*Asks:* 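Please see the structure below; I have some questions.
Numbers here simply count residues along the sequence, with the first being 1. Worth knowing before you read on, the calculation uses all heavy atoms, side chains too, and leaves out hydrogens, waters and symmetry mates. Everything numeric here is computed off the predicted structure, so don't read it as measured data.
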Amino acid sequence: MLTIIVTTLLISLILNVILKKFHLPTIIGYIFTGTIVAYGFHLHDAVHNHELKEIAEFGVVFLMFTIGLEFSLEHLKKMRYEVFVAGTLQILITACIVYTIAHYLLGIEQTVSFILSLAISLSSTAIVLKTFNETGEINRRYGQRSLGILIMQDIAVIPILLIIGFLSSDTQDISDVLFNMLISALFLLVLLWISGKYLLEPFFTQIIKTKSEELFVGTILFLAIGASYLAHVFGFSYSLGAFIAGMMIAETKYKHQAEADLVPFRDLLLGIFFITVGMQIDFAIIGQYLHIIVILLICIMLLKLLIIFFILHVNEGKRTSFKTALSLIQVGEFSLALLELARTNGLVGAPHGQVMIVVIVLSMILTPFILKNLSVLSDLFFKESSEVHDATAHLPLLANHTVILGFGEFGRELAHSLKKHDEMYIAIENNIDTYHKAMQKNEPVIFGNAVKKEILKHTNILLAKKIIIAIDNPKKLYHVCQTILSIVDNNKIVVKVHTQQEKKSIEDLGINHIVVENDLACEAVLNLTQKELS
């Protein structure tokens with residue numbers, strides 16, 4: 001087993017290094033790794049290992065948790081059209097058309113046609129949202145439309161799983177199933193809402209006061225996994241519980257730090273998930289049914305493109321509708337789970353199940369290439385000028401501003417000086433008491449660790465004119481300077497230090513603007529900031 005793990009890591013590293021040279025996403029490397037490992041170690045049967053699949057599924061769980069962090073109930077209300085109207089219509093129309101074609105035109109058995117139609121109606125949350133999060137397109141208009149539809153698809157997985165369970169059972173009445181689902185849903189939502197409203201903030205406050213980063217990370221993992229497990233106990237998907245937990249934390253001041261701490265776990269587990277996807281590619285099936293697979297792949301992607309485009313075009317511009325539709329034309333990871341459940345219950349057999357698995361995996365492999373070239377593909381059909389809303393949807397709230405890392409006495413004094421000169425600024429502070437005092441004075445401060453790049457993104461640091469690093473801990477100061485240097489130009493960075501020894505250490509990194517703390521330090525930093533303007 002250790003040989004397999006080491007080999008898998010080596011193959012994934014080599015493949016992704018090569019693919020990155022061609023600006024291709026790591027998702028492709030992970031899928032190819034899974035295929036190579038499966039054939040190299042004869043692991044096709046291991047794909048059905050329950051424990052491996054559950055571990056891989058938690059990549060999607062953590063992805064949904066981080067997406068939930070970007071949401072609040074108010075945000076979800078604003079997206080009610082995308083989620084509840086466009087998302088529902090997309091699922092129903094796609095499923096109805098696919099079922100009609102499969103059962104009445106192709107003569108596929110009724111139950112098989114029904115399950116295949118539901119599987120095809122779903123898209124890939126893991127690929128689309130991971131790619132959009134990395135590129136920042138999640139905040140664009142088509143990114144938000146895609147997100148809304150994907151949320152509805154994830155919600156729809158719950159009744160779909162129940163339906164498959166009902167079809168495989170001869171004893172339970174459907175009214176009992178629906179009643180139990182309703183009671184479970186209400187109880188779960190009430191339990192999570194009460195926990196989030198009355199217990200979460202005090203609990204986090206006590207954790208933060210310990211000043212232990214590992215306890216904070218452990219708390220985030222506990223909440224994400226705990227909420228997922230609770231949802232699973234009540235018969236829902238793991239990812240829905242994680243999404244709700246993320247939304248609860250989104251209402252607190254700790255959302256940015258929670259996201260930054262969870263990203264490494266999310267990306268690692270997503271890698272495992274895509275490796276398991278690659279393991280399901282069977283070249284024997286591809287060779288035998290190649291013509292059918294190609295035709296199915298083209299027809300499914302074209303059908304979903306047209307359906308989503310026309311649903312959104314009612315209230316949206318052509319270009320944004322087309323980009324959203326292009327983003328969601330693949331069949332997703334939950335479809336693989338549905339087909340696996342149907343297979344184990346004897347509802348979908350060979351060759352239908354195997355052919356569909358290959359079609360789904362191939363559509364997922366094509367998706368990163370499509371997402372990378374959304375604008376190019378859209379230009380073939382619609383002119384750039386028609387994307388007025390899309391182009392303006394992601395205008396930054398902050399630009400040409402100052403980022404202050406560390407809001408202690410020096411940081412506050414600097415902020416006061418910037419305010420007097422009508423300069424925009426935003427700060428990051430990791431001390432909870434200092435943060436609370438700043439918030440009481442309505443200062444633009446984010447709680448989090450400035451070493452984390454995910455935290456820094458929320459300051460629009462790439463558009464800042466100056467980054468002032470005013471952190472008292474010398475060791476942390478050094479690490480923060482290393483991180484900042486990897487993001488922005490050296491000329492934008494100003495560092496405040498306590499001693500000449502600290503100054504020498506920071507100079508070794510190649511930073512030019514360093515100010516030793518004294519009564520005139522704040523004035524010196526402010527002059528450097530003003531100098532940039534002139």
*Asks:* Out of curiosity, Ile149 CD1 to Ser327 OG, how far, rounded to the nearest 0.5 Å?
*Replies:*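 Here the rounded value is 9.5 Å.
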
*Asks:* For a quick check under 3.5 Å, do Thr94 and Lys304 share a side-chain donor-acceptor pair by atom type?
*Replies:*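 Note: Thr94 and Lys304 side chains miss the donor-acceptor criterion.
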
*Asks:* Taking all heavy atoms of Ile360 and all of Gly332, pick out the closest pair and write down the distance.
*Replies:* CG2-O, 3.7 Å

*Asks:* Check for a donor-acceptor pair, side chain of Thr483 on one end and backbone N or O of His479 on the other, with a separation under 3.5 Å.
*Replies:*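 Looks like yes, one N/O pair under 3.5 Å.
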
*Asks:* Side chains of Phe62 and Ile225: does their closest heavy-atom pair fall under 4.5 Å?
*Replies:* yes

*Asks:* If we ignore hydrogens and angles and just use 3.5 Å, is the side chain of Glu429 paired with the main-chain N or O of Gly406 as donor and acceptor?
*Replies:*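 No; judged by distance alone, with no hydrogens or angles, the pair does not exist.
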
*Asks:* With a 3.5 Å cut-off and no angle check, do the side chains of Gln257 and Asn449 form a donor-acceptor pair?
*Replies:* no

*Asks:* Ignoring hydrogens, what is the shortest heavy-atom contact between Leu339 and Met356? Give both atom names and the distance.
*Replies:* CD1-CB, 3.8 Å

*Asks:* Go through it in stages, so that I can follow the logic: the residues are Val112 and Glu109, the test is side-chain contact (heavy atoms from CB on, under 4.5 Å), and I'd like the CA-CA distance, side-chain angles, deciding distance and then a yes or no.
*Replies:* CA-CA 5 Å; Val112 176; Glu109 197 268 323; 3.6 Å; yes

*Asks:* So does Ser363 get a backbone contact from the side chain of Thr367, meaning a donor-acceptor N/O pair under 3.5 Å?
*Replies:* yes

*Asks:* So, taking the atom named OH in Tyr30 and the one named CG in Leu19, what distance separates them when rounded to the nearest 0.5 Å?
*Replies:* 11.0 Å

*Asks:* Quick check: closest heavy atoms across Ala119 and Val331, and the distance to 0.1 Å?
*Replies:*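 It is O-CG1, 3.4 Å.
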
*Asks:* Under 3.5 Å, which donor-acceptor pairs link side chains of residues 283-303 to any protein atom two or more places apart or in another chain?
*Replies:*
none

*Asks:* Is there side-chain contact between Leu221 and Leu262, with at least one heavy-atom pair below 4.5 Å?
*Replies:*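 Heavy-atom side-chain distance check passes, below 4.5 Å.
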
*Asks:* How long is the gap from OG1 on Thr33 to CG on Leu15, to the nearest 0.5 Å?
*Replies:*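 Thr33 OG1 to Leu15 CG: 4.5 Å, rounded to 0.5 Å.
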
*Asks:* Can you find a heavy atom in the side chain of Ser121 that is under 4.5 Å from one in the side chain of Val98?
*Replies:*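 In short, these two side chains do not touch, never coming nearer than 4.5 Å.
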
*Asks:* Are the side chain of Thr35 and the backbone of Ile31 linked by a donor-acceptor contact shorter than 3.5 Å?
*Replies:*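 Side chain of Thr35 to backbone of Ile31, a donor-acceptor pair under 3.5 Å: yes, one is there.
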
*Asks:* From Ile101 CD1 over to Leu116 CG, what is the distance, rounded to the nearest 0.5 angstrom?
*Replies:* 12.5 Å

*Asks:* Looking only at heavy atoms, which two atoms of Gln90 and Ile308 are closest? And how far apart?
*Replies:* CG-CG1, 3.6 Å

*Asks:* Kindly indicate, with the supporting measurements, whether the criterion side-chain contact (heavy atoms from CB on, under 4.5 Å) is fulfilled by Leu338 and Leu122.
*Replies:* CA-CA 10 Å; Leu338 296 180; Leu122 304 177; 3.6 Å; yes

*Asks:* Quick check on side-chain hydrogen bond (donor to acceptor under 3.5 Å, both in side chains): which of His458, Lys457, Lys452 does Glu454 satisfy it with?
*Replies:*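 Only match with Glu454 under side-chain hydrogen bond (donor to acceptor under 3.5 Å, both in side chains): Lys457.
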
*Asks:* I'd like to check Ile432 versus Lys253 (side-chain heavy atoms, cut-off strictly below 4.5 Å). Are they in contact?
*Replies:*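 Side-chain contact under 4.5 Å: yes.
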
*Asks:* Identify the heavy atoms of Phe32 and Ile365 that sit nearest to each other, and give their distance.
*Replies:* CE2-CD1, 4.2 Å

*Asks:* Evaluate side-chain contact (heavy atoms from CB on, under 4.5 Å) for Ile484 paired with Leu456, printing each intermediate quantity in order.
*Replies:* CA-CA 9 Å; Ile484 299 298; Leu456 295 170; 3.7 Å; yes

*Asks:* Do Tyr254 and Ile220 have side-chain heavy atoms sitting under 4.5 Å apart?
*Replies:*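 They are not in contact (no side-chain heavy atoms under 4.5 Å apart), so the answer is no.
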
*Asks:* With rounding to the nearest 0.5 angstrom, report the CG to CG distance, Leu305 to Leu326.
*Replies:* 5.5 Å

*Asks:* Give the ring-plane orientation class for Tyr99 versus His103, where under 30° counts as parallel, over 60° as perpendicular and anything between as tilted.
*Replies:* parallel

*Asks:* For the backbone of Phe447 and the side chain of Asn430, can you confirm whether one donor and one acceptor N or O come within less than 3.5 Å of each other?
*Replies:* no

*Asks:* Ignoring hydrogens and geometry, is there a side-chain-to-backbone donor-acceptor pair from Ser113 to Ile108 under 3.5 Å?
*Replies:* yes

*Asks:* Between Phe65 and Phe243, is the ring centroid distance below 6.0 Å?
*Replies:*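 No, they do not, as the ring centres are separated by 6.0 Å or more.
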
*Asks:* Heavy-atom distance under 4.5 Å between the side chains of Asn460 and Val403, does that happen here?
*Replies:*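 No, side chains not in contact.
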
*Asks:* Tell me, with the steps shown, if Leu200 and Leu223 meet side-chain contact (heavy atoms from CB on, under 4.5 Å).
*Replies:* CA-CA 10 Å; Leu200 202 57; Leu223 290 171; 3.7 Å; yes

*Asks:* Sub-3.5 Å donor-acceptor pair from the side chain of Glu82 to the main-chain atoms of Ser146, do we have one?
*Replies:* no

*Asks:* With heavy-atom distances below 4.5 Å as the criterion, would you say the side chains of Phe41 and Thr7 are in contact?
*Replies:* yes

*Asks:* Identify the two heavy atoms, one from Cys481 and one from Ile511, that lie closest to each other, and give their separation to 0.1 Å.
*Replies:*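 In terms of heavy atoms, the two residues are closest at CB-CD1, 3.8 Å.
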
*Asks:* Would you give the length of the straight line joining atom CG of Leu347 to atom CD1 of Ile115, rounded to the nearest 0.5 angstrom?
*Replies:*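 Rounded to the nearest 0.5 Å, the CG-CD1 separation comes out at 4.5 Å.
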
*Asks:* Assert yes or no for the condition that the ring centre distance of Phe216 to Phe204 is strictly below 6.0 Å.
*Replies:*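 Close enough - the centres of the two rings lie under 6.0 Å apart.
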
